[in-house]
Amino acid sequence: HEIYILVYDRRDGELVQVQTSLWLVNAVLSLGLDIAEERGDFEERYGLAWRQVRDLGRFGPGLLVEVDDEESRVLVWMK
């Protein structure tokens, strides 16, 4: 599986696309969880529940996240 991220910045008119393998994303999420557990305040500070997104492979292919606001649009999907 691969993860795709597409970000459009409306102010600058910039479009950024990133594509990477799922194993790399899972490795980074696992490292983030280890750091969060050591510090103890990461989830509270940033409002991100690492444990809920640790294994993205369980979701299968399709759209994972869509954010659309005044400044930007972000799409994250998996193939």
Side-chain angles (χ1 to χ4, degrees):
H1 296 296
E2 292 185 318
I3 297 284
Y4 295 81
I5 303 168
L6 186 63
V7 179
Y8 176 67
D9 185 330
R10 289 187 173 104
R11 289 179 293 162
D12 298 333
E14 290 186 61
L15 183 66
V16 176
Q17 182 174 349
V18 176
Q19 172 185 342
T20 190
S21 62
L22 182 59
W23 73 263
L24 180 59
V25 172
N26 282 334
V28 170
L29 289 174
S30 180
L31 178 62
L33 181 58
D34 292 343
I35 292 169
E37 288 176 347
E38 279 182 26
R39 293 195 56 184
D41 67 343
F42 190 90
E43 290 182 1
E44 291 174 15
R45 177 186 284 174
Y46 297 105
L48 179 62
W50 281 103
R51 287 170 189 81
Q52 294 177 358
V53 296
R54 188 172 193 177
D55 181 19
L56 293 175
R58 73 179 189 266
F59 295 110
L63 185 64
L64 297 174
V65 175
E66 179 179 6
V67 177
D68 193 3
D69 62 23
E70 294 176 5
E71 296 178 6
S72 61
R73 181 160 194 203
V74 179
L75 297 172
V76 180
W77 70 97
M78 190 166 41
K79 275 187 168 179

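In this chain, numbering begins with 1 at the start of the sequence shown. Predicted model only: the values in this text are computed from it and were never measured. Atoms considered below: every heavy atom in the structure, side chains included; atoms not considered: hydrogens, waters and symmetry mates.
Clustering ILVMFWY residues whenever any of their side-chain heavy atoms sit less than 4.5 angstrom apart, transitively, puts Val18 in a cluster other than the one holding Trp77.
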Just list the side-chain donor-acceptor pairs under 3.5 Å for residues 2-10, sequence neighbours left out, or say none.
| unit_1 | atom_1 | unit_2 | atom_2 | d |
| --- | --- | --- | --- | --- |
| Glu2 | OE1 | Tyr4 | OH | 2.9 |
| Glu2 | OE1 | Gln19 | NE2 | 2.9 |
| Glu2 | OE2 | Gln19 | NE2 | 3.4 |
| Tyr4 | OH | Gln19 | NE2 | 3.4 |
| Asp9 | OD1 | Arg11 | N | 2.9 |
| Asp9 | OD1 | Asp12 | N | 3.3 |
| Arg10 | NH1 | Asp68 | OD1 | 2.9 |
| Arg10 | NH1 | Asp69 | O | 2.3 |
| Arg10 | NH1 | Ser72 | O | 3.3 |
| Arg10 | NH2 | Asp68 | OD1 | 2.7 |

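When side chains are defined from C-beta on, Thr20 counts as touching Val25, because their heavy atoms get closer than 4.5 Å.
When all heavy atoms are compared, the tightest approach of Val65 to Leu63 is O-CD1, 3.5 Å. Closest approach of Gly60 to Met78, counting heavy atoms only: O-CE, 2.9 Å.
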